[in-house]
Protein chains: 2
Amino acid sequence: MSTTATGSTASRREQILSAAAELFARYGFHGVGIDDIGAAVGVSGPALYRHFRSKDAMLAEMLTGISDKLLSGGRGHVENAADAATALEELVGWHVEFALTNPALITVHLRDLDSLCEADRRRVRELQRGYVEVWVTALRAVRDDLDEHTARACAHAVLGLINSTPHSAHLDAATMSTLLRRMALDALGIPRTPPEGLHGR
Amino acid sequence: MSTTATGSTASRREQILSAAAELFARYGFHGVGIDDIGAAVGVSGPALYRHFRSKDAMLAEMLTGISDKLLSGGRGHVENAADAATALEELVGWHVEFALTNPALITVHLRDLDSLCEADRRRVRELQRGYVEVWVTALRAVRDDLDEHTARACAHAVLGLINSTPHSAHLDAATMSTLLRRMALDALGIPRTPPEGLHGR
DNA sequence: TCGACGGGTTAGTCATCGTTAACACAGTGA
DNA sequence: TCACTGTGTTAACGATGACTAACCCGTCGA
């Protein structure tokens, strides 16, 4: 009755994945045992095999989940933007928000990608590539002086900047967010958007 | 006779550490076996115990080595600089060069720190903290509008930017270097140094 | 009332892997 | 010549840890 309130099955998986992400982030995929993950959600050990085919399957689902969310989210924010300049700003803001909200996912995704089996790793890499491509086109729409390779290098570097969040002893979320947005846009060589009249938000 | 040319013992350890770093970077500390490391240097398995007390000892020596090199190198570059502005530029340039030259070390140092035992981890963390402090003071000497916490967050973010190098499909080293230096300084809010007369180097 | 089923338990199996043991053997200084 | 040391080998040991087997039980639709 306690945990069976809303949508038992689906949310159970989510709950496990979330706990596993936290542990993977702290100790690394190979540094975490099945029993640890079980203990983190209040069941012990092999019970997890009722929900996942294997430990690797957890990692796979976790990583494809993140990459997928990033890709679709990134695309959505770019498409809904008025012009190229705000598209890039939206993208930066969105990724900053994601990184600040899900530090564990960011860490795992940077760190344990190569613990996946060949097939899954390819899937994730493909999604990542797509996400970077979103950045590259958004960036080149504003900075047409950049060739494709340079733009890609810039995108990787800025993603690195934003993704470094989990390692930094951060300020409170709000200041951190504005700081990172500013640094990212500066690094990308985007001229500061002039305040030009203070609108609502 | 073949490998015994110059300084057998010392260079043997270095050779092993270098091979191990490459493997750790690709597969993660726990994803690499003793036998793998041995094979990478042409001996097989337990021979390594003639040179290191344990697998963990390898990682420990590797990580303290890097951190130590970064700290002393960073300090040196700052001290030898003419003024505060060039000190920061030197620091950026030095770290960029280090990251481009030793991608494997950077990766391992970001990824497998928590595989160390408590004591070693503390040692490494202390060195890292010192290095970041070098950045913080160098940065605040130029940007006196930043309080200490913000400066530290900036430093972490820029180190993240530069350290993302190993993951990016880079251009050739030279262009990558200038690109990263420019991005880092922009992110730190340092006004572009005017060319003001082309001196020798 | 009752079978099916989702989800949990504990005890065991099996592979992997770090580490040690026991042995080999080339060079080198007495 | 001989012992010693530095470096390597292969064979075992022991712990760890992913996964499976066998069993249990509350709930829910017929």
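Lettering follows sequence order; numbering is per chain, from 1. As the structure is a prediction and not an experimental result, all values here were calculated from the model.
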Q: Measure from CG on Leu48(A) to P on dA18(D) and round the result to the nearest Å.
A: 10 Å
Q.
Tell me whether Arg182(B) at atom CZ has more than 12 heavy atoms from other residues, nucleotides or ligands lying less than 6.0 Å away.
A. yes
Q. Pro46(B) side chain: which of dG18(C), dA21(C), dA18(D) is closest?
A. dA21(C)
Q) Thinking salt bridges, do Glu148(B) and Arg152(B) make one under a 4.0 Å N-O criterion? A) yes
Q) Heavy-atom distance under 4.5 Å between the side chains of Arg111(B) and Phe29(B), does that happen here? A) no
Q: For the side chain of Val43(B), starting at C-beta, report the closest nucleotide among dT20(C), dG8(D), dC19(D).
A: dG8(D)
Q.
Measure OH/Tyr27(A) against P/dT16(D) and give the value in whole Å, please.
A. 17 Å
Q | Rounded distance (Å) that lies between atom P of dA15(C) and atom NZ of Lys55(A) | A | 19 Å
(Q) Distance check needed: dG6(C) P versus Phe52(A) CZ, whole Å only. (A) 16 Å
Q. Roughly how far, to the nearest 0.5 Å, is the CZ atom of Arg50(B) from the CZ atom of Arg12(B)?
A. 13.0 Å
Q) Hey, does the side chain of His51(A) come within less than 4.0 Å of dG6(C)'s phosphate (OP1/OP2), counting only N and O? A) no
Q: Classify the side chain of Arg50(B) versus the base of dG6(D) as yes if they form a donor-acceptor pair under 3.5 Å and no if they do not.
A: no
Q) What integer distance in Å separates Leu23(A):CG from dA18(D):P? A) 12 Å
Q) Within the pair Arg13(A) and dG7(C), is there a side-chain N or O less than 4.0 Å away from OP1 or OP2? A) no
Q: Check every atom of dG8(D), dG18(C), dA22(D) against the side chain of Ala47(B) and return the nucleotide holding the closest atom.
A: dG8(D)
Q) Quick one: Asp35(B) CG to dC17(C) P, roughly how many Å, whole number? A) 8 Å
Q) Mapping Gly42(A) and Ile34(B) onto DNA chain C by nearest heavy atom, which one lands closer to the 5' end? A) Gly42(A)
Q) If you check the Asp56(B) side chain, which of dA18(D), dT19(C), dT10(C) turns out closest? A) dT19(C)
Q. For the pair made of OH in Tyr49(B) and P in dA11(D), what is the distance, rounded to whole Å?
A. 18 Å
Q) How far apart are the C-alpha atoms of His95(A) and Tyr131(A), what are their side-chain angles, what is the distance that settles it, and do they pass the side-chain contact (heavy atoms from CB on, under 4.5 Å) test? A) CA-CA 11 Å; His95(A) 193 96; Tyr131(A) 185 55; 2.7 Å; yes
Q) Could you state the CD1-P distance from Ile37(A) to dG17(D), rounded to the nearest angstrom? A) 12 Å
Q. How is Val41(B) classified with respect to the nucleic acid when contacts are heavy atoms under 4.0 Å: base, sugar-phosphate, or nothing?
A. nothing
